[in-house]
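Here's the structure we're looking at; comments come further down.
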2 protein chains.
Amino acid sequence: MPLIIDNIQKHVQLTDEEKELFLSKTEIHHYKAKTILLNSGEVCKHSYFVNSGILRSFNINDNIVEHVLNFACEGWWMGDMYSLISQKPGNLFIEVIEDAEVVLLSKENQEQLYSEIPKLERFFRILTENSLVANQERIMDNLSLSAEVRYDKFLKRYAGLNHKIPQKQIASYIGVTPEFFSKMKAKLLRK
Amino acid sequence: MPLIIDNIQKHVQLTDEEKELFLSKTEIHHYKAKTILLNSGEVCKHSYFVNSGILRSFNINDNIVEHVLNFACEGWWMGDMYSLISQKPGNLFIEVIEDAEVVLLSKENQEQLYSEIPKLERFFRILTENSLVANQERIMDNLSLSAEVRYDKFLKRYAGLNHKIPQKQIASYIGVTPEFFSKMKAKLLRK
DNA sequence: ATACTTTCTTAATCTAGGTTAAGTGCTAAA
DNA sequence: TTTAGCACTTAACCTAGATTAAGAAAGTAT
C-alpha cells in the first residue's frame, strides 16, 4: 500500500475504489538533490507528499539571507500554502535537499477530490489543523525559548534529519546565524 | 443577519434551514473585561466567535512571563486549537480584554455540523488554511524582521486595536519587553 | 589528483533588545 | 480621598546573538 494512502488513513478510511480514484489523480516524480520544485514568484500548483528523500521550503529577504520555513522528509506534506490557496505568486522556494521521490497532487485535482470524496476534505482539514497547531507552538517557542532549547525541539521534531541537513539550514530554521549555531554546538559538546 | 453567518458565507453559501440549524447549535454569551474564558490546564470545549469586544490568547512560561499568541475582535474566531482538536488540557489562557459578546460553538456541535452540513467542514478547512498562512508569515517575520517592522505589521493586522490593548500586551505579541517597546515607541515619535 | 566552491569553525568586535531599578501617573477599591 | 496596585517611562548597565573576517574542511567539477 502506498505510503500516501497510509498517511490519509491515519485520519479517514477509504474504500478500495476511493484509493484508486485518489491515486489516479496523483503523479510520482523523482528529483535529484538541489532541484528547485518551486521558485519564489511562481504560483504553487501542487501539494507535495514525500515518499523518500528530503525537501525544504524557504524564502530570501532583501539582504540575500535565506530563512527556512520547514523541512519535509518521508511521510510529510509540503507546499507554499499561501500561493496554493490564493493561486497567486508566492515568495517561497521549495528545494530538494536529498534525492527524493515525491507524490504530486495538483490544486485542481485536490479541489475535485474534495467534491468526489468528501472524506478527503475532512482529511485535509485535519492535516491543516495539525500544521496550524505546530506553527502556533513554534511562534510561542520563538518568543520565549533560547536558541539552545529551540535546537533541541528541532531535533525532536525532525528526528534523524540532524546529520542529513546542512547546519546552516538548521541554524536558519531555529533563527540564528550559522556562526552562532557553530559556536553553540561547540559549547553543547563541551558539556 | 448575524455576523457569524456573514462570516461563514464569505466562503460557503448556506440555505435558510442550514443557517437556522447552525445557529441552533450556538450560544451567545456576554463577558466583562478581564474574564478568563479558558484557563491553562483546562480542556478547550468551544470555538469562540467575537461579535463585539476584544479577546486575547496567551501562555505563561516558567518565569511568570506572559506571551500573547493572538488577539480577536469583531468578526474573528478564537480558541486553543491544540486543546480543541486533541481534547487534552492546553497551555493557553483566553481572556476578555474589552467587554465582549461571543458566540460559542461546542466541539461536539461543531463535529455534528460537519456531518449534517458538509459545507461547514469546507468552511472550517478554509478558515484553518488562512490561519495557517498568517501564522507561517508571522514565523518568517519573527525570523527576519526588526521589532519596529513587526510592530508595523501588528498595526496593519489589527487595525484600530492599537489604543484598545495595553501596550505590554502588544509588546508581548511582537516579541519584546514592555520597556523596550516603550523606548521604541518614543523613538518612532521623534521621527 | 587539482582547483573551485561551499560549508563549517574560531575569534574579535558590535548591537538589538533584555534586565534592573526608580519614578510617574492612572485607576479602583476601601 | 486616600492607598494600593498596575501600566507606562526613563535610564544605566548587561547579554544573546549578529557581523566581519580569516582559515580549515569537505564537496564537486575538471
Side-chain angles (χ1 to χ4, degrees), chain A residues 32-36 54 56 58 60-68 71 93 95-99 141-154 161-191, chain B residues 32-36 54 56 58 60-68 71 93 95-99 139-154 161-191:
Chain A
K32 287 272 155 211
K34 302 198 174 157
T35 308
I36 302 286
I54 308 174
R56 70 162 173 146
F58 63 100
I60 299 185
N61 77 184
D62 323 321
N63 322 318
I64 320 167
V65 183
E66 291 182 15
H67 292 279
V68 173
F71 302 101
F93 295 80
E95 185 199 45
V96 180
I97 294 184
E98 189 181 74
D99 292 5
D141 289 350
N142 286 163
L143 290 180
S144 59
L145 304 178
S146 68
E148 238 168 85
V149 181
R150 265 144 46 209
Y151 177 44
D152 208 60
K153 293 200 112 185
F154 159 83
L161 264 58
N162 191 24
H163 299 294
K164 294 184 175 178
I165 298 175
Q167 279 193 24
K168 55 181 290 199
Q169 289 175 21
I170 299 176
S172 171
Y173 175 87
I174 68 171
V176 297
T177 58
E179 294 83 357
F180 181 78
F181 187 70
S182 182
K183 184 162 71 175
M184 191 181 85
K185 275 194 69 178
K187 191 181 129 204
L188 287 174
L189 275 180
R190 254 178 277 120
K191 286 182 183 172
Chain B
K32 287 273 155 211
K34 300 196 177 160
T35 308
I36 300 286
I54 308 173
R56 69 162 173 145
F58 64 100
I60 300 186
N61 76 186
D62 323 320
N63 323 319
I64 319 168
V65 183
E66 290 182 16
H67 292 280
V68 173
F71 302 102
F93 295 80
E95 185 200 45
V96 179
I97 294 183
E98 189 182 74
D99 293 6
I139 288 173
M140 294 310 244
D141 288 352
N142 288 161
L143 290 181
S144 58
L145 305 178
S146 68
E148 239 168 83
V149 182
R150 265 144 45 208
Y151 177 44
D152 209 59
K153 294 200 111 185
F154 159 83
L161 265 58
N162 191 24
H163 299 295
K164 293 184 174 178
I165 299 176
Q167 279 193 25
K168 56 182 291 199
Q169 288 174 22
I170 299 177
S172 170
Y173 175 86
I174 68 171
V176 297
T177 57
E179 293 85 357
F180 181 78
F181 187 69
S182 182
K183 185 163 68 173
M184 191 180 83
K185 275 194 72 175
K187 192 182 127 203
L188 287 175
L189 276 181
R190 255 177 278 122
K191 287 186 184 171

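Chain A is the first sequence line, chain B the second, and so forth, proteins listed ahead of strands; every chain is numbered from 1. All heavy atoms count here, side chains included; hydrogens, waters and symmetry mates do not.
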Please tabulate, for side-chain N and O atoms in residues 165-180 of chain A, each donor-acceptor pair with protein atoms closer than 3.5 Å (sequence neighbours left out).
from: A:Ser172; atom 1: OG; to: A:Glu66; atom 2: O; distance (Å): 3.2
from: A:Ser172; atom 1: OG; to: A:Val68; atom 2: N; distance (Å): 2.8
from: A:Thr177; atom 1: OG1; to: A:Phe180; atom 2: N; distance (Å): 3.2

Provide, to the nearest angstrom, the distance between the [atom1] atom belonging to [X] and the [atom2] atom belonging to [N].
X: A:Phe180; N: C:dC14; atom1: CZ; atom2: C1'; answer: 15 Å
X: A:Lys187; N: C:dT9; atom1: NZ; atom2: P; answer: 16 Å
X: B:Glu148; N: C:dG17; atom1: CD; atom2: P; answer: 8 Å
X: B:Phe181; N: C:dT19; atom1: CZ; atom2: C1'; answer: 19 Å
X: B:Ile64; N: C:dT20; atom1: CD1; atom2: P; answer: 12 Å

Point to revise | 5' to 3' contact window, DNA chain D with chain B (heavy-atom distance under 4.0 Å) | key: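 Both ends considered, the range comes out as D:dA7 to D:dT10.
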Check your understanding: So do A:Lys164 and A:Ile97 actually touch side chain to side chain, heavy atoms under 4.5 Å?
Key ->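 They are not in contact (no side-chain heavy atoms under 4.5 Å apart), so the answer is no.
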Review point. Side chains of B:Tyr151 and B:Leu145: does their closest heavy-atom pair fall under 4.5 Å?
Key: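 Side chain of B:Tyr151 against side chain of B:Leu145, heavy atoms only: no contact under 4.5 Å found.
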Exercise for review: Look at the side-chain N and O atoms of A:Ser182 and state whether any lies under 4.0 Å from the OP1 or OP2 oxygen of C:dC8.
Suggested key: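 Checking C:dC8 against A:Ser182, no side-chain N or O comes under 4.0 Å of OP1 or OP2.
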Point to revise | Reported CZ-to-CD1 distance for the pair A:Phe93 and A:Ile60, which is rounded to 0.5 angstrom | key: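 If we round to the nearest 0.5 Å, A:Phe93:CZ and A:Ile60:CD1 are 4.0 Å apart.
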Can you name the side-chain hydrogen bond (donor to acceptor under 3.5 Å, both in side chains) partners of [X], sequence neighbours left out?
X: B:Lys32; answer: B:Asp99
X: B:Lys183; answer: none
X: A:Asp141; answer: A:Lys153

Study note, to complete from the structure: Going 5' to 3' through nucleotides 21-30 of chain C and flagging B where a protein heavy-atom sits under 4.0 Å of the base, S where only the sugar-phosphate is that close, and - otherwise, we get B---------
Exercise for review: Specify the residue among A:Gln167 and B:Lys183 whose closest nucleotide of DNA chain C lies further upstream toward the 5′ end.
Suggested key: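 Of the two residues, A:Gln167 wins.
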**Study point:** Nearest non-hydrogen partners of B:Leu143 and A:His67, listed with the distance
**Key:**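 Closest approach of B:Leu143 to A:His67, heavy atoms only: O-CE1, 3.5 Å.
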Exercise for review: Let me know, please, whether A:Ala147 or B:Pro178 comes out on the 5' side of the other along DNA chain D by nearest nucleotide.
Suggested key: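 The residue whose closest nucleotide sits nearer the 5' end is B:Pro178.
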Practice item. Please give the angle, rounded to 10 degrees, between the axes at the start and the end of the helix from C:dA1-D:dT30 to C:dA30-D:dT1, where five pairs define each axis. Key: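 Roughly 50° between the end axes, to the nearest 10°.
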